[in-house]
Participant: 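Pasting a structure here, questions to come.
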Amino acid sequence: MTEEAKTRRTAGLFDLRYIIATLFGVFGIVLLIMGLVDFTDAAAAKTGGININLWVGIVMIVVAALFGIWAWLRPVVIEAQARPEDMLTPGEQR
């Protein structure tokens, strides 16, 4: 392993894009289910016949997938800080 690879890490699940993707995904699934199960004539009258919960749920799931793919393809790289123990020369002790 190279020295550069030892000092570089990714943010992993602490990347904000994963958190945003999870929130969009959960709310999108809830709206998708509500659109499939609970679309009444009263709701159709309010929205002009468009099942808005269904369509917004689908869009939110697509946005969640895009955020997840973006975070997976371009991870945030964090430079690790050198610890004082790593800076000692071989044979030198604290």
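Residue indices begin at 1 and follow the sequence shown. Bear in mind the structure is a predicted one, so any value in this text is a computation, not a measurement.
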Participant: How far apart are the closest heavy atoms of Gly49 and Phe39, and which atoms are they?
Facilitator: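 Nearest heavy atoms, Gly49 then Phe39: O-CZ, 4.1 Å.
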Participant: Rounded to the nearest 0.5 Å, what separation is found between the CD1 atom of Ile29 and the CE atom of Met60?
Facilitator: 10.5 Å
Participant: Out of curiosity, does Val59 fall in the hydrophobic cluster containing Phe24 (side-chain heavy atoms, cut-off under 4.5 Å, transitive links)?
Facilitator: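 Cluster IDs for Phe24 and Val59 match.
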Participant: To the nearest 0.5 Å, how far apart are CG in Leu31 and CG in Asn51?
Facilitator: 10.0 Å
Participant: Heavy atoms, side chains only, cut-off 4.5 Å: are Tyr18 and Phe67 in contact?
Facilitator: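 No, side chains not in contact.
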Participant: Please say yes or no: joined through hydrophobic side-chain contacts below 4.5 Å, possibly via intermediate residues, are Leu36 and Ile61 part of one cluster?
Facilitator: yes
Participant: Leu32 vs Ile58, test: side chain to side chain contact (heavy atoms under 4.5 Å, CB included). Steps then yes/no.
Facilitator: CA-CA 6 Å; Leu32 182 71; Ile58 291 170; 3.7 Å; yes
Participant: Would you say Phe27 ends up clustered with Trp55 if hydrophobic residues are merged whenever their side chains have heavy atoms under 4.5 Å apart, either directly or through other cluster members?
Facilitator: no
Participant: Is Leu73 reachable from Leu66 through a run of I, L, V, M, F, W or Y residues, each pair having side-chain heavy atoms under 4.5 Å apart?
Facilitator: no
Participant: Any donor and acceptor pair, going by atom type alone, linking the side chain of Asn53 with main-chain N or O of Met34 inside 3.5 Å?
Facilitator: no
Participant: At their closest point, which heavy atom of Ala21 faces which heavy atom of Ala64, and how far apart are they?
Facilitator: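 Closest heavy-atom pair between Ala21 and Ala64: O-CB, 3.2 Å.
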Participant: Same cluster or not: Ile33 versus Ile50, using hydrophobic residues (I, L, V, M, F, W, Y) connected whenever any side-chain heavy atoms lie under 4.5 Å apart?
Facilitator: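 The answer is yes; both residues are in one hydrophobic cluster.
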Participant: Which value, rounded to the nearest 0.5 Å, describes the distance between Trp70 atom CH2 and Ile20 atom CD1?
Facilitator: 8.0 Å
Participant: So which atom in Arg74 and which in Arg17 form the shortest heavy-atom distance, rounded to 0.1 Å?
Facilitator: O-NH2, 2.8 Å
